[in-house]
2 protein chains.
Amino acid sequence: MKKKDALEDVKRLQASSLGYVLIRCGQLFNELGMRAVNSEAGWPMMREVHARLLPYLENPEGVRITELARSLGVTKQAVQPVIAELAEFGAVRIEPDPDDARARRVVLTEKGLAAMRHGTTKLVEIDRRVARRLGAEETRELHGLMTRLLEVLKALD
Amino acid sequence: MKKKDALEDVKRLQASSLGYVLIRCGQLFNELGMRAVNSEAGWPMMREVHARLLPYLENPEGVRITELARSLGVTKQAVQPVIAELAEFGAVRIEPDPDDARARRVVLTEKGLAAMRHGTTKLVEIDRRVARRLGAEETRELHGLMTRLLEVLKALD
DNA sequence: GAGATAGTCAATGGTTCTTGACCAATAAAG
DNA sequence: CTTTATTGGTCAAGAACCATTGACTATCTC
């Protein structure tokens with residue numbers, strides 16, 4: 001059974017890769033998180049696009065659509081339906097730009113902030129379930145290492 | 001500036017969450033990996049769907065389409081175009097099922113196995129770049145913890 | 001004024017997935 | 001050994017989502 005051995009070989013290689021294991025973990029966690037958020041009322045249907053956009057609304061003065069598009073790496077036309085949905089829900093407000101009459105500013109509202117908080121809280125709840133099985137010490141250690149890893153990955157491009 | 005404080009608060013909450021940091025890391029790593037795989041010739045266009053399907057072809061005897069669909073949580077119709085593409089490329093072979101004349105078995109070929117190996121190798125290369133910045137000891141530790149985390153997450157549902 | 005920039009509108013394309021109708025083979029039951 | 005229900009798979013049509021290009025308006029900058 002040479003073929004079976006080759007398969008086992010690849011699986012060993014996968015298990016040996018930090019990245020492979022990391023990607024799997026990230027997907028599973030993401031799935032759990034999305035399910036937890038959408039299982040509750042209040043947010044009609046949280047989709048990946050929303051979660052991807054929200055972090056770029058850090059500026060309390062608002063962010064221009066073009067800037068959002070550039071941050072996300074897509075065209076401004078692609079961003080429009082997303083912010084339209086967010087605005088309809090009330091997570092963002094679209095204001096005219098005081099400095100430029102052409103431009104508009106997408107501003108995170110209190111409700112949008114609450115949505116971010118809610119989503120993160122759900123993740124923290126899963127954290128706790130994980131910690132109960134993984135151990136408090138290990139979880140803390142993992143969190144520390146992961147935080148450093150995030151910095152490394154950001155710098156890596 | 002109460003609003004800015006509230007935002008900082010959420011960001012602190014996010015940074016404190018293992019899951020949040022993990023998801024970000026996973027996305028970044030995945031992006032790097034996909035880019036690395038597609039930058040080389042040999043595999044015309046590796047998409048997420050392919051990467052998602054391949055792991056379920058572990059059985060050397062092949063797997064039924066219905067079974068694949070159930071594993072992926074979609075309909076069998078959704079699976080069909082994916083395996084058609086994989087078959088066209090040569091990563092899988094579609095054989096009649098010896099036990100059931102209705103059924104077909106999707107079998108991973110040598111080429112498909114090589115593709116998995118190639119993808120994982122690319123991840124391992126990124127691993128090394130990460131390890132150079134994170135430190136060998138830390139990387140090893142992180143890998144160990146992450147492997148345990150994966151088991152925990154799988155069991156969590 | 002000339003040219004760049006912010007944003008919108010319209011049309012369109014690709015990917016993924018769905019429902020519904022169908023065929024062929026199997027399994028269960030009389 | 002038929003009848004009936006179930007199962008594996010395909011075909012066809014289409015919906016949802018995400019993104020695109022192209023054309024246009026309004027404004028800003030020089």
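Chain naming here is simple, since letters A, B, ... match the order of the sequence lines and numbering starts at 1 in each.
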Legend entry - B:Thr109 side-chain N/O to B:Ala91 backbone N/O, donor-acceptor pair under 3.5 Å: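 The answer is yes, because a donor-acceptor pair under 3.5 Å joins these two groups.
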Inset, instruction - Identify whether any heavy atom of A:Asp97 sits under 4.0 Å from a base atom; if not, whether one sits that close to sugar-phosphate; answer base, sugar-phosphate or nothing. - result: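 Nothing: the residue A:Asp97, judged by heavy atoms under 4.0 Å, touches no strand.
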Inset, instruction - Among D:dG8, C:dG7, C:dA6, find the nucleotide with the atom closest to the side chain of B:Asp100. - result: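 Selected nucleotide: D:dG8.
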Inset, instruction - Counting heavy atoms from C-beta on, name the nucleotide in D:dC28, C:dA6, D:dG8 closest to the side chain of B:Arg102. - result: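 Shortest atom-to-atom distance from the side chain points to D:dG8.
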What is the distance, rounded to the nearest whole Å, between atom [atom1] of [X] and atom [atom2] of [N]?
X	N	atom1	atom2	result
B:Arg104	D:dC11	CZ	C1'	13 Å
A:Asp99	D:dC28	CG	P	10 Å
A:Arg105	C:dG7	CZ	P	9 Å
B:Arg64	C:dA25	CZ	P	15 Å
A:Ile83	D:dA19	CD1	C1'	15 Å

Check: protein-nucleotides 16-18 of chain C nitrogen or oxygen pairs below 3.5 Å:
residue	atom	partner	partner atom	Å
C:dT16	OP2	B:Arg47	NH1	2.4
C:dC17	OP1	B:Arg52	NH1	3.4
C:dT18	OP2	B:Thr75	N	2.9
C:dT18	OP2	B:Thr75	OG1	2.8

Any chance you could measure [X], atom [atom1], to [Y], atom [atom2], to the nearest 0.5 Å?
X	Y	atom1	atom2	value
A:Glu58	A:Leu108	CD	CG	10.0 Å
A:Arg128	A:Arg132	CZ	CZ	8.5 Å
B:Arg24	B:Ser17	CZ	OG	13.0 Å

Legend entry - B:Thr66 vs D:dG9: side-chain N/O to OP1/OP2 distance below 4.0 Å: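 The answer is yes; a side-chain N or O of B:Thr66 sits under 4.0 Å from OP1 or OP2.
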Inset, instruction - Give a yes or no on whether a salt bridge exists between B:Arg47 and B:Glu85, defined as a side-chain N under 4.0 angstrom from a carboxylate O. - result: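 Salt bridge flag = yes for B:Glu85 with B:Arg47.
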Legend entry - Joint hydrophobic cluster, A:Ile23 plus B:Leu72, side-chain heavy atoms closer than 4.5 Å: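 Cluster IDs for A:Ile23 and B:Leu72 differ.
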